[in-house]
Amino acid sequence: MVRERTGILAGLIVLLGCGGGGTGPGNNNNLVLAKASPSGDGQSGPTGTTLPAPYRARLTQGGAPLQGRTVTWGIPGGSVSPASTSTDADGVASTSVTLPPFAATNTVTAVVTAASGSPLRFSAVSTGATTSATIQVVNDAFRPDNLQIKATGTVTFEWQSGSINHNVTPVAPNTIPASSNPAPPGLHDAPYSFATVFPTVGTFGYFCSQHGTATTGMRGTITVVP
């Protein structure tokens with residue numbers, strides 16, 4: 001009996017020692033990325049300028065701030081400085097955002113691997129239409145998906161690395177923009193790009209026929225101004 005009880009006790013000690021996961025610094029359980037307060041979200045400024053306030057994200061684990069984790073930042077067509085930052089004692093990481101050289105409603109992203117809420121998205125609006133712009137074609141999205149350009153200006157659609165099975169289909173009755181060589185419904189994989197001139201003022205909708213429609217999914221709008 002003594003030997004049997006000793007074996008049971010030893011087994012219990014082993015089970016308790018294994019712990020079942022925990023929430024230590026190396027564990028991603030309950031890891032949440034959210035906007036800090038203040039976050040910098042929703043700022044606007046002229047094309048190509050650096051916004052005055054930093055963009056800020058906060059990382060927590062089990063509700064407590066988590067220090068020393070890397071947050072990766074990005075904005076299509078613009079730039080962030082620095083591109084990656086570490087969370088401080090309050091779990092906050094920040095970066096400075098420079099707007100792209102064209103008028104658009106842009107998305108700033110903050111990414112932490114395996115965190116709930118990642119990628120975290122912020123808004124940054126660049127104002128003042130220009131004569132050229134580039135739209136990145138990524139899997140299931142156009143970036144930016146809403147921009148302005150001056151009449152007779154050129155928009156280049158550029159497939160990003162890893163982007164497959166996409167096209168640019170105009171929303172009727174618009175005839176531009178449209179993928180070329182081949183035209184829709186032909187689909188393209190990266191590397192691929194084409195440019196379209198917008199000669200007249202108006203609003204031009206477009207979508208990927210494989211991953212969206214005129215009203216849902218992978219779609220965008222180009223507004224042409226005088």
Side-chain angles (χ1 to χ4, degrees), residues 35 41-48 55 73-78 97 99-111 117-226:
K35 294 175 183 178
D41 192 18
Q43 294 180 78
S44 64
T47 59
Y55 278 68
W73 301 88
I75 176 173
V97 172
L99 296 167
F102 49 79
T105 300
N106 307 282
T107 300
V108 179
T109 55
V111 176
S118 176
L120 184 64
R121 292 178 172 85
F122 304 79
S123 173
V125 180
S126 48
T127 59
T130 54
T131 57
S132 63
T134 297
I135 295 176
Q136 296 180 356
V137 181
V138 301
N139 285 330
D140 302 335
F142 295 104
R143 296 178 179 169
D145 60 7
N146 187 341
L147 65 78
Q148 287 187 358
I149 193 168
K150 290 184 178 180
T152 72
T154 301
V155 175
T156 300
F157 290 84
E158 187 175 88
W159 274 237
Q160 301 300 292
S161 177
S163 180
I164 59 174
N165 292 329
H166 300 299
N167 61 18
V168 181
T169 304
V171 176
N174 299 332
T175 58
I176 53 176
S179 300
S180 57
N181 190 32
L187 298 171
H188 302 275
D189 300 342
Y192 178 75
S193 67
F194 74 96
T196 299
V197 175
F198 289 81
T200 59
V201 171
T203 300
F204 299 87
Y206 61 92
F207 63 97
C208 172
S209 64
Q210 184 78 351
H211 302 97
T213 69
T215 57
T216 62
M218 187 174 174
R219 68 192 192 280
T221 302
I222 295 169
T223 303
V224 183
V225 298

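Panel note: side chain N167, backbone L187; no donor-acceptor pair is recorded below 3.5 Å. Within the 3.5 Å criterion, the main-chain N or O of I164 finds a donor-acceptor partner in the side chain of N139. A donor-acceptor contact shorter than 3.5 Å is absent between the side chain of S163 and the backbone of A190. Using a distance-only test at 3.5 Å, with no hydrogens or angles considered, a donor-acceptor pair links the side chain of T127 to the main chain of G45. A donor-acceptor pair under 3.5 Å is absent between the side-chain atoms of N106 and the main chain of L99, judged by distance alone.
Here the OG-CD distance, from S193 to Q160, works out to 10.0 Å after rounding to the nearest 0.5 Å. For the atom pair OG1 (T196) and CZ (F204), the distance works out to 10.5 Å, reported to the nearest 0.5 Å. The CD1 atom of I75 sits 8.0 Å away from the OG1 atom of T107 when rounded to the nearest 0.5 Å. For the atom pair T130 OG1 and I149 CD1, the distance stands at 6.0 Å (nearest 0.5 Å). Within the model, atoms CZ of R219 and OG of S209 stand 15.0 Å from one another, a figure rounded to the nearest 0.5 Å. The distance from atom CZ of F207 to atom CG of D145, rounded to the nearest 0.5 Å, is 15.0 Å.
Taking each heavy atom of K150 and P226 in turn, the nearest pair found is CG-O, 4.2 Å. Annotation for T154 and A195: closest pair CG2-CB, 3.8 Å, computed over non-hydrogen atoms. Nearest heavy-atom pair across Y55 and G42 is OH-N, 4.0 Å. When all heavy atoms are compared, the tightest approach of G77 to P101 is O-CD, 3.6 Å. When every heavy atom of D140 is checked against every heavy atom of H166, the shortest pair comes out as N-CE1, 3.5 Å. Of all non-hydrogen atoms in F102 and T134, the two that sit nearest each other are CZ-O, 3.7 Å.
Every residue meeting the side-chain contact (heavy atoms from CB on, under 4.5 Å) condition with T223, not counting sequence neighbours, appears here in chain and number order: Q148, T203, T221, V225. Listed by chain and residue number, nothing satisfies the side-chain contact (heavy atoms from CB on, under 4.5 Å) test with T152 (two or more places apart in sequence, or in another chain).
Inter-residue side-chain proximity for I176 and F198 is flagged as met; some heavy-atom pair is nearer than 4.5 Å. The closest side-chain heavy-atom distance from F194 to V168 is below 4.5 Å. Using a 4.5 Å heavy-atom cutoff, the side chains of Y206 and V155 are not in contact.
Between Y192 and H188, the ring-plane angle classifies as parallel under the 30° and 60° cut-offs. In this pair, F157 and F142 present their aromatic rings perpendicular. The plane angle is above 60°, beyond the 30 to 60° band.
Residue R143 qualifies as open at atom CZ: its count of foreign heavy atoms under 6.0 Å is 12 or below.
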- Item | Chi angles and distances behind the side-chain contact (heavy atoms from CB on, under 4.5 Å) call for T105, S123 | CA-CA 7 Å; T105 300; S123 173; 4.2 Å; yes

